[in-house]
Amino acid sequence: MAQSQSDGVQDSVSLAIDAPSLVRSGRVIPIALRLRNRTAQPLTLQLMGRTMTFDVVVRDQSGREVFRLLKDPATAVILRLERLNASEVREMLYRWDQHTDDGRQTRPGEYTIEALLPTDAEPIRSSAVPLRILPR
Amino acid sequence: VTAATLRDAVRPTVGGLQIHFRNFLCTLGFNAVRSGQASFITNSHCTNRQGRRDGTQYYQPLSSVPNSFIGTEVDDPGYFRNGPCPKGARCRYSDAARVVYASGVNSDVGEIAQTTGENNASLTIAGTFNISGEGTALVGQTANKVGRTTGWTAGAITNTCVNTGVSGSNNVLLCQTFVGAGVGAGDSGSPVFRIGSRNSVTLLGILWGGSSDGSLFVYSPISQVEQELGALTTF
């Protein structure tokens, strides 16, 4: 392992979201996540899950959480040593059908989307990106 | 002199220590003897192939550390369908597998690493808990665990006997117990126990899952571990 995850890992990697900023109500929203090694050295991250496990959180304008992908209390808490080569980018995709955690259709309005990668310390977080849902 | 942590090489081995296989880290649950074999128990999902005997090789604390090979997985029962299992799912009663210690590896049956305090995030080993029995738990009672990521945490049991789907799979673990206590990635396999007098503890089961915010963990009761792996001598 060239580099293990440490307190400085947040400076060594970036997590970015690519998602449409404007969608019609009811449409499936493709949310692409890109984890990038920002350094010129290989990096070994300590990430949760047997496979790439990520969380997606959607909040309304007041900051209230309306959707969380990993809301189940039943995620296996195994830790994976994931090697990223220098400057390597790892992509993940989630398709959100606009249903909230309580099973309702999200109302038209302004929202934000944030992604997280759980680790054995603080999660790797993306910046929140804006999302506007228009009436059908 | 620096005190050892749960992530250091510790011999004899005890419950709560970091273990390493392939490119994964988990926690050694507890030592046990089965059919005369010195063994330890960890999660089925902490093996190369979940739900089948595959000879996974384990290291403590890391394979990169000299003399760290500690054992080979010998028992990991398969998942089943039908019966009490929800339609379309694969079920077991416990997320547990047994590993036989390699020759020459010292292990202490009945001992779990004790860190400096509960819910204080410390990974420094300050003593041991001694298992004096096995038991079941009721809602409202306090359960404890020791794991390589979040150390010793404790909290109230919130639910018992919940059929629990494992996120990201079609696996369901039947009749599991939930505890409102801290957990983190890498704590898979942690021993779960109730503290009696002094350092004497009752073994309750083996932790396998948690909530994404780290405030709740799920474990398989010890009776169900032994239902699937056979009778174990744990103290």
S.K.: Is it the case that more than 12 heavy atoms not belonging to B:R7 sit under 6.0 Å from its CZ atom?
M.R.: yes

S.K.: Tell me whether the count of non-hydrogen atoms from other residues, nucleotides or ligands lying under 6.0 Å of CG in B:N67 goes above 12.
M.R.: no

S.K.: Run A:L70 and B:S167 through side-chain contact (heavy atoms from CB on, under 4.5 Å) and show every step you take.
M.R.: CA-CA 8 Å; A:L70 293 182; B:S167 188; 4.0 Å; yes

S.K.: Chain A contacts: which residues in residues 73-85 of chain B have a non-hydrogen atom closer than 4.5 Å to it?
M.R.: none

S.K.: Tell me the residues of residues 48-56 of chain A whose non-hydrogen atoms fall below 4.5 Å from those of chain B, in number order.
M.R.: A:M48, A:G49, A:R50, A:D55

S.K.: Is chain A contacted by the side chain of B:C46, its backbone, both, or neither, given a heavy-atom distance below 4.5 Å?
M.R.: both

S.K.: Of all the heavy-atom pairs spanning B:S188 and A:V77, show the shortest one and how long it is.
M.R.: OG-C, 2.8 Å

S.K.: Going through the distances and angles, do A:D120 and B:R148 end up as a side-chain contact (heavy atoms from CB on, under 4.5 Å)?
M.R.: CA-CA 9 Å; A:D120 69 341; B:R148 62 78 62 198; 3.1 Å; yes

S.K.: If I measure from the heavy atoms of chain A, does B:V183 come under 4.5 Å with its side chain, its backbone, both, or neither?
M.R.: side chain

S.K.: Out of curiosity, B:T149 OG1 to A:Q46 CD, how far, rounded to the nearest 0.5 Å?
M.R.: 8.0 Å

S.K.: Less than 4.5 Å to any heavy atom of chain A: does that hold for the side chain of B:L207, its backbone, both, or neither?
M.R.: side chain

S.K.: Counting only heavy atoms not in B:R22, do more than 12 fall under 6.0 Å of its CZ?
M.R.: yes

S.K.: What distance do B:F24 atom CZ and A:L47 atom CG have between them, rounded to the nearest 0.5 Å?
M.R.: 10.5 Å

S.K.: Could you measure the distance from the CG atom of B:L25 to the CD1 atom of A:I78? Nearest 0.5 Å is fine.
M.R.: 8.5 Å

